[in-house]
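Let me begin by presenting the structure, written as structure tokens, before commenting on it.
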Protein chains: 2
Amino acid sequence: MDKSQPENLKNVGLKSTLPRLKILGLFESGQERHMSAEDVYKQLLSTGDDVGLATVYRVLTQFQQAGLLVRHNFEGGKSVFELNQGKHHDHIVCLQCGHVEEFYDSAIESRQKKVAAELGFEVHDHSLQIYADCTKAKCPNKR
Amino acid sequence: MDKSQPENLKNVGLKSTLPRLKILGLFESGQERHMSAEDVYKQLLSTGDDVGLATVYRVLTQFQQAGLLVRHNFEGGKSVFELNQGKHHDHIVCLQCGHVEEFYDSAIESRQKKVAAELGFEVHDHSLQIYADCTKAKCPNKR
DNA sequence: AATGCAAATGAGAACGATTATCATTCACCT
DNA sequence: AGGTGAATGATAATCGTTCTCATTTGCATT
């Protein structure tokens, strides 16, 4: 199984504490790929692995800064995190069910770099979301 | 000059009241293209055209729903609005000074449609922001 | 294995952006 | 001009998130 080795945390300069191991383990379990702080908090509560909400927020931010997680700001105000698996991608978010699908398009990526360069900007990051209705059967069509 | 004709509001089904005319006029004045609710509120205060903050929020949302304004959710939590002038575009946001530059790239647009279609989604909307450092002299490099 | 200490945690207060409530005021029709 | 339902403004409430600070914990050292 996946056991979120303490080494993972040590390697990025974070002391391996119980709350941090539980939170990382939750992302590594692969149950849910995209989770908000609230999602993580409730998930841990439900399994009896209580971690304070403040700690969840702190740890998620630390993990993001350490590069273990990636933060997304979709519509709706709240931040969503996912495990950073190296390969950058963008998202399509279903407006009906909230389901998130990932995609990568090299043409889009390269055009972005070109456009920014032409305007005299040095790109740090970008954020692309497509909001759509997912027409597939698997869409429960319900938030 | 620009006088935000009452007709503009009537046409979209909104009673033309003083607060609404002032807010629309502010966007039409072209002083500042991208403004948050707070920006609008302060701007109106500074010219003595007092409008309650709650009203600013309400009116901005109504204008967005009516299609007069477009709402953007850049990083940083607060919503930013701009006059809807028909032509869609994306944004580059300077992480130093917060300056916003607009761009449109048809290659990016068409690739998005294609990608979504391949994944079985019906696109409603999309949101693309490039976060960068603006290297131009005009950048005050300060938030 | 016991000790010490800085770093991490948790409970709750505080915060910033936004929305809801509700009494008062206004736009507009007759 | 007058009546009425919609719009406004002051304020309370809400939501996601961060801060504060007393207590606990990881872990290196005895």
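Just so we're clear, the structure is a prediction, and the values are computed from it rather than from any experiment.
Between A:E38 and A:K42 there is a salt bridge, with a side-chain nitrogen of the basic residue lying less than 4.0 Å from a carboxylate oxygen of the acidic one.
In this structure, A:M35 atom CE and D:dT17 atom C1' are separated by 18 Å, rounded to whole Å. Distance CG (A:L44) to P (C:dG10): 10 Å, rounded to an integer number of Å. Between the CG atom of B:L60 and the P atom of D:dT8 there is a distance of 12 Å, given to the nearest Å. The CD-P distance, from A:Q62 to D:dT17, rounds to 16 Å in whole Å. As a whole-Å value, the separation of A:L21 CG from C:dA8 P is 13 Å. Atom CG in A:D49 sits roughly 15 Å away from atom C1' in C:dT9 (whole-Å rounding). D:dG9 atom C1' lies 13 Å from atom CG of B:L45, rounded to whole Å. We find that CZ of A:F81 is positioned 10 Å from C1' of D:dT17, with the value rounded to whole Å.
Under the salt bridge (Lys or Arg N to Asp or Glu O under 4.0 Å) criterion, the residue pairs touching residues 76-96 of chain A are A:R33-A:E82, with sequence neighbours excluded.
Between the side chains of A:E102 and A:Y104, no donor N or O sits under 3.5 Å from an acceptor N or O.
Checked against salt bridge (Lys or Arg N to Asp or Glu O under 4.0 Å), B:R111 has the following partners two or more places apart in sequence or in another chain: A:D105. In this structure A:V100 satisfies the side chain to side chain contact (heavy atoms under 4.5 Å, CB included) test together with A:H34, A:F74, A:H91, A:V93, sequence neighbours excluded. The ring pair (Phe, Tyr, Trp, His ring centres under 6.0 Å) test applied to A:H124 returns no partner, not counting sequence neighbours.
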For nucleotides 14-23 of chain C, which of its nitrogen or oxygen atoms have a protein nitrogen or oxygen under 3.5 Å away, and what is each distance?
residue, atom, partner, partner atom, Å
C:dA17, OP1, B:K78, NZ, 3.0
C:dT18, OP1, B:S79, N, 2.8
C:dT18, OP2, B:Y57, OH, 2.8

Table of protein N/O atoms under 3.5 Å from nucleotides 26-30 of chain C N/O atoms:
residue, atom, partner, partner atom, Å
C:dC28, OP1, B:S16, OG, 3.4

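Note: B:R20 CZ to B:L60 CG = 11.5 Å, rounded to the nearest 0.5 Å.
A donor-acceptor contact shorter than 3.5 Å is absent between the side chain of B:R71 and the backbone of B:T61. The main-chain N or O of B:E75 is never found under 3.5 Å from a side-chain atom of A:N73 such that the two would form a donor-acceptor pair.
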